[in-house]
Every structure is written in C-alpha cells, then in structure tokens.
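Following: one structure in structure tokens, then a few remarks.
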Amino acid sequence: MTTPNSTINLSRRAFVGAAALGAAALASGGLETVAPEQAFAAEDAGETYVYTSCPMCNQSVFCGLKGTVQNGKLVRVEGNDQHSKPKPCLKGLTSLQNVYDPNRLLYPLKRTNPKKGLGEDPQWERISWDEALSTIATELNKAKETYGAPSVTFHSGDPKEHLPVFCRVAALFGTPNVSWGGAQCAFAEMLAGILDFGGRTGSLPNADTKVHLQWGSNIAWSMYPQPTAYKGMLDAKKAGCKYIVIDTRLTPTAVQLADIYLQPRPGSDGALALAMGNVIVEEDLYDHDFVENWTEGFDEYKEYVKEFTPEKAEEITWVKADDIRAAARMWAEGGQGTMWVSPHSTTHHSNGVQSTRAIHQLLGLMGYWDREGCNKLAPGITGTDDSSFQLKDVAKELLDQRAGVERWPVWSATSTYYQNNGLLEYIDDGLIHAGVFLGTNLMNFAQTTQIQEAVSTLDFAVGIDIHLNPWTHDYMDMVLPTAVCWERVAPFQTQPTGLIGSQAAMDPAGEAREDWQILLDIGCALGFEEECFNGDLKACMQAYLDAGGSGATVDDVQNALPGVYPLPSAGEWSPKQYEQKGFGTPSGKMEFKSGLLEKLGFEGLAKYEEPHVSPVATPDLFEQYPLILTTGNRVPWYVHSKYRHTPWLNQFMPEPIVNMSHEDAEARGLEEGDMVRIFNQLGEVQFKVHVTNMMHPGNVEILHGWEQANSCLLIDRVFDPISGFPTFKDALCEIEKI
Ligand SMILES: Nc1nc2c(c(=O)[nH]1)N[C@H]1C(S)=C(S)[C@@H](COP(=O)(O)OP(=O)(O)OC[C@H]3O[C@@H](n4cnc5c(=O)[nH]c(N)nc54)[C@H](O)[C@@H]3O)O[C@H]1N2
Ligand SMILES: Nc1nc2c(c(=O)[nH]1)N[C@H]1C(S)=C(S)[C@@H](COP(=O)(O)OP(=O)(O)OC[C@H]3O[C@@H](n4cnc5c(=O)[nH]c(N)nc54)[C@H](O)[C@@H]3O)O[C@H]1N2
Ligand SMILES: [Mo]
C-alpha cells in the first residue's frame, strides 16, 4: 500500500465508469472480486462468521446479514436468522459486490483545478487524512467567523446511520442547518399524520385487520416501510383481509393483493379521497361515536365533501364513479381497517400534504384508530432515546436560525431538520457558504444544473461517499472515502426486542473510514476533542448507549451477536389510549380541520387543488406536452442512483427505460426498444421504450438517478408550500423517436 502523502494525480474518470476499472483497482492495491464458486460453496472449517445489518436500500429498518470470511476475505453473504429481519433481498446479498466494487473511492481527494462552474474536471489529487481534516477545520471555521456558524450546512441524502453523530457535531459547531433525505422522502406523509392525528398514521394489516387500503405504494418492489412488509401482507390476505389498492400503475402489489383496484390520474388523489368521504358521509357509513367525540371540524368537512360526488370525481380522477362507491363501501364496511400511504407518490405533488391528509382522514371517519385490527399504537422498547447524545437541547436553541423557516413554516414547526430543498436559494441568497455533504446526490434536486452551479460557488464543500460521483463531487473541493457495512462497527440497530450490533469482516478498503469515525475526526479537528471522545469510536458508541440509559456496554451488545441484546419493552399495548391522552393536535382531537395549518396561515380543511402542472391546471402546456410524466417509481434492483455499475444488480436494467402504454406508443409510431427523446419546457432526456400494461394511457414513467438521463432535468423548482417537498411527480412531456 502506498503511503498517505504520496501524490497520485488521478482524473475523475479514473475513479468512475467501467472503462476505468483497471486503473482504480491498480491505484487501490487491487480490489479483487469473489469467485462465484466461493460465494455459493458449502460452509467449511476454515471459515469465520461476522454479522451486520444491511444498509443497501437505506431504509431505517435493515435486514440481518451473516458474512463468511476466508483468509481475511468476505466470500459469502446470507441472512442472520436471529435478526428480526432474517431474509435479505437481492440487494442485501449483493452487499458482497459492494465491498469489492472496483469503482470505490479509496483515499481523500482534493481538487487542484479551481471551480469555474459546470463541466470542469476537478483534477483530483490524493491527500492525507491529516491534510484533509485540517483543511476542513480551517475552511469551516473561516465560514463561521465570517458569516456565522449557520452558514455551514451538514447535508445528507438517504443514508441515515450517521445521523446521531452528524447532529452532534453540527450542534457543537453551532449550525441548525442539518438535513437528510427525509426532506424529499418519508416526512411529508408523516407530516400529514402529525397535522391530523398528532402522529404517524400508516400501518400494515395485522392478524385482525378486515380491510386494508394501500395507496400508491408498490411494496412488492420497494419493500417500504420494511423489507419483510410484503410477506406479512400476503399472509393477511390468506387470513381473509380485503385489499383496496389505489395506484397510478397496475403494479405487482395491485395484481397480487387487490380485491378492488383503482387507477387514478397522477396527482388527483385528494379528489378521489374526498369522493370516498362523500360516499361514506352520504350513505351514513361513518363511525358516529368516534367522529362526534374525537374529531374536530367534521361539520365543515361534511359540507365540503358534498361537492365531491363520485360523478364529479370521475371527471377529475379518471376513476369510474361506481368503482369509487364500491371502494368506499368496502373500506367502511370492514369494521377494522389499516392504511398505508406511500412516502412519495402522493407527496411528490404540489398538493401533496393536503391530498395525503384527505386520504388519512378516511381513517378518522371510520374510527380505525388504536384498536384491534387497526393502527395499534404499541409502546416500543426502553433504553434507546439518544436525544442527549445528539445534543438536542443545544440544537433546539438554534432552530429559529434555520434557513427556510419563513419559506416553509409548517415544515419548520414540525421538523427539527432544515428543509434542504431550498439549498439553491439559500446559497444564492448568501445564507449558506460552506457544507459537509455526506451521502448526497445532487442529481436528486429538481433542475440539477442550477444546484450544481450553486454548490460550485460555495467557499468550501466536502463530500463523504463510497464512490466518486462526477454529477455531485465535480462541484466540490474535497471528497472523503467512507467504509461499507462489512467494514464498520457503528451504528447499533434497534430491533423490536432490543439492540443489535455490527462486526467488521475486514479493515476498510484503501484509506476509507467509517462515517461515525469520519465525523468524530472532523469534530476533533474543529476543536471539540473532548466532546468527540478524542476520536475514539468505541468511547463514542458507549456514550451513545449511555444516553439511552439501558446500562448496556458496547461489549454487551457486540457479544450478543448474532443475537439481539435484549431491552425491556415500555409496556403492554392497551386499546384507545386517546381516551386517556387525547391526540397530539392543537384541539387534542383528530382534526378534519387542522388548527396548526390555520395558525400558520394555510387552509385548515384538506381541500383539493390541481397539481401545479396538469391537463386541467395548464391546458396550454398540456396541448404541447400531452403526456403526464411520473419520475422515480422504485424498481427492485436499484436504489436512487446506486448500483448502476454493480453486476449482480445492473443486469436487470442495464439502461434507462421509459414505461408507456400500448396506446401512447402506437400514437407516436413507437415500438419496444426504440430510443426516444422525452422533453418538455424545461429540458430533454433520452430513454429506451418499454411498452407495458402497467401504465394508464396518458401517463409515462421514468426512473430517477441515471447519470446519462437525469429525470430531474424535466422537473420544475416548484414545491408543496406545506412540506417544501419537490414535485417529482408533477410534470408534462412529449416523446419522439430519435
Ligand atoms: N426524480 C425523482 N427524484 C427523487 C425521487 C423521486 O421519486 N423522483 N425520490 C427522492 C427520495 S424519496 C429520496 S430519499 C432521495 C434520495 O436521494 P440521495 O440519497 O441523495 O440519493 P442516492 O442516489 O441514493 O445518493 C446517495 C449517495 O450516498 C452514498 N452512500 C450510500 N450509503 C452511504 C453511507 O453509508 N455513507 C456515505 N457517506 N455515503 C453513502 C451513495 O454512494 C450515493 O452517492 O431522492 C429523491 N429524488
Ligand atoms: N428497491 C428499492 N427500494 C426502495 C427504494 C429504491 O430506490 N429502490 N427507495 C426507498 C425510499 S428512499 C423510499 S422513499 C421508498 C418509497 O416507497 P414507495 O413510495 O412505496 O415507492 P413505490 O413502491 O415506488 O410506490 C409508489 C407507487 O405510487 C404510484 N404513484 C406514483 N404517482 C402516484 C400518484 O400521483 N397517485 C397514486 N395514487 N399513485 C402514484 C406508483 O405507480 C408506484 O407504484 O422506497 C424505499 N425502497
Ligand atoms: Mo426516499
């Protein structure tokens, strides 16, 4: 291995792209792959086993993995049967290729070519960790002295395992401008639940559930909210649960589960939910006891939904009036119901939160709340509250200094993170001058080129990633290499019965360090040695455990592997806790009319508005671009931009595909496999046609995260005013053969 300070000039292309695999492998001292014979071999005596939790899909409920190590090399990955999620999917098994991925970033790099905007090769140069850390400290402290600590953002995307230390270091430094993927992801759906019910509403069917409403979430593929969710749904179906599935595409989830399937026009969900409410109220199917005693604003809701007759909703939503009636009746007549609303299908629209509230309110109408067969608010385990480790008290004092507080007051009143979708304006307005960008993909911002340009104007930006990604890191000053799950011991994962630890199978490749360690090192360099445990990872993990108050030591948890270190539960579930505690809303009741929204100057009822671009809202634009474009519906083998170069996964979809109906393809003279340009008033991308029965005529879909075909170029910088969420699923387009 070369010494840390030796300088190797490497162009960015030497770290990415299939053509450069050899160069990167050489520079690393060789990242070899594992032979299939080894990966599938039977267990043998010379092997050792290690256990970790899988982060490949970046969900917060990971699956348990068991790794087999031979001669210091990870050769096989399978499930850990003592973990609460014992069966990993194909992505989990592919974590093996992630370790030995020849494209991995292995050393800290700094750019030598000054930033001049788009299209510049940074001419990366390898540097030592010492140089990297001292430069970061100098630059971040300079921004702090010149513009104040909040001028530095701690920004991250979908990865979450780093958050406890990320928040701690940001609080020590003094900036409240901390974020993660929740700013585009699960939080808007949760926010809708917080506004109406004072907490999360979504739940999966349990053994007693009679009817489940699955709204815009293809769990068979995305496996959200947890990797084992779909199996439980199939089991519930066998046990007699009826399913209503509402999705703009005919998904595998709809085909396998639905007793009633509705296929609405994208973004019209609010109108559909209000029409279901209309049927339930008009036919007097609602739960009078719950509605009269435990809800606020029902009279106004009742008056408002009169407008949304099934016939009117049919015109808006494309769904037949009689099908809306049938769905409403099935929902109301079940008696015990659960609901799961996707974190991104109804919220990635300009009307996202209001539509999602209208859907959730169908739970309130039926009183399907905290009782058998419904969303049971069971207490969790004790000993895992890490607020004091995260220094939440310190952070709380800084919340008013967050960027975007005035622009998105509802988000800001309900989240402790800042709403990072405004990063472009925060930079342009001089609020943000420097940043630590951990696990971030700039391609996931609407109008990507604008954000790339803005980031390149920062005084200083450092990325922390497994890979060097030109679309993100070309606009930064420095990149630090991070370890993958098989090389790290932090963090612990929460299980239904306790905590589970992680073992490393090997040292990190090259000079990579694990995220927790990198953040501690940055904290120490910034001058917080004591608060960052002088960089000692084990001491830091112990402090994290101590904050929870479980009394466990790091060794206790690690020694319990492959099993879970048990922690006591906070108590038994008993039904209808709201009868004692009320709801966590301003009125203490479930709110058809939100007190918080009204207080902050928004419409309190969940009124329907057209998406900001649509056949109805913008008929002129629709004439030019007559197809509704959806971006980002999940596929099983990719997670956002990840794994596009990972052989076991990219074989399933080696290139960008646009899914369209037979009717839309025929009308344009297109056939399977044709290359097309997809364009609108904002930009153009090129995809290959796939003709499929999944799509409704008039709606086409493309996946996000393709370097060569970035869907976000076709998305406007228009946000849901309540959540601040991007409108990834509001766009119009036209398609032409190339
Ligand atoms: N058009 C469109 N855009 C979307 C969406 C959509 O539906 N449509 N969905 C949105 C949603 S819901 C989300 S959550 C966001 C996701 O947005 P991002 O999280 O920004 O997306 P990724 O492409 O997964 O990029 C994550 C980066 O983190 C790196 N990484 C992965 N694991 C780790 C780790 O453990 N540590 C570190 N340091 N780095 C790591 C990866 O290599 C990658 O470069 O995308 C949003 N963007
Ligand atoms: N394999 C894989 N798994 C993932 C991810 C991944 O990238 N890959 N990402 C993870 C992340 S960060 C997230 S946020 C979750 C997302 O989890 P989900 O939101 O459950 O994602 P999807 O399974 O794509 O389900 C969205 C469904 O909504 C439908 N839809 C789109 N627009 C509309 C609309 O306007 N109305 C209605 N009613 N339906 C609509 C789509 O057809 C699609 O079937 O998945 C997580 N899991
Ligand atoms: Mo997400």
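Heavy-atom basis, side chains included; hydrogens, waters and symmetry copies ignored. Whatever order the structure lists them in is the order used to number ligands and atoms, beginning at 1.
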With sequence neighbours excluded, residues passing salt bridge (Lys or Arg N to Asp or Glu O under 4.0 Å) with D477: K115
Only heavy atoms count here, so choose which of H473, H344, R634, E161 is nearest to atom 11 (C) of ligand 1. R634
Heavy atoms only: which of D515, T727, T440, N103 is nearest to atom 37 (C) of ligand 1? D515
Going by the closest heavy atom to atom 3 (N) of ligand 2, which one wins out of S222, C185, G216? S222
Of the listed options L250, D247, N58, D730, closest to atom 44 (O) of ligand 2 (non-hydrogen atoms): D247
Identify, by atom number and element, the atoms of ligand 2 in contact range of W221, meaning under 4.0 Å from any of its heavy atoms. 1 (N)
Contacts of E487 that satisfy side chain to side chain donor-acceptor pair (under 3.5 Å) - sequence neighbours left out: R104
For atom 21 (O) of ligand 1, which of the options D158, N444, T472 provides the nearest non-hydrogen atom? N444
Is T630 close to ligand 2, meaning an N/O of one under 3.5 Å from an N/O of the other? no
Under 4.0 Å from a heavy atom of T251: give me the atoms of ligand 2 that qualify, with their elements. 44 (O)
Please state which part of R488 comes within less than 4.0 Å of ligand 1, counting heavy atoms only: side chain, backbone, both or neither. side chain
Taking atom types as modelled, find out whether S268 and W318 have a side-chain donor-acceptor pair closer than 3.5 angstrom. no
List the steps and the verdict of ring-ring contact (aromatic ring centres under 6.0 Å, His included) for Y417 and F187. CA-CA 11 Å; Y417 294 95; F187 192 78; 8.5 Å; no
Residue from N659, I735, I678 passing side-chain contact (heavy atoms from CB on, under 4.5 Å) with F687: I678
Tell me the nearest of K642, R644, K729 to atom 24 (O) of ligand 1, using heavy-atom distances. K642
Heavy-atom distances under 4.0 Å decide this one: backbone, side chain, both or neither, for N633 against ligand 2? both
Between ligand 2 and H349, can you find any atom pair, the residue atom being a heavy atom, that is separated by under 4.0 Å? yes
Enumerate the atoms of ligand 2 whose separation from the nearest heavy atom of Y638 is less than 4.0 angstrom. 1 (N), 2 (C), 6 (C), 7 (O), 8 (N)
Contact atoms of ligand 2, heavy-atom distance to V635 under 4.0 Å: 1 (N), 2 (C), 8 (N)
Using a strict 4.0 Å cut-off to heavy atoms of W215, name the atoms of ligand 2 that fall inside it. 38 (N)
Here the atoms of ligand 1 under 4.0 Å from any heavy atom belonging to I464 are 37 (C), 38 (N), 39 (N)
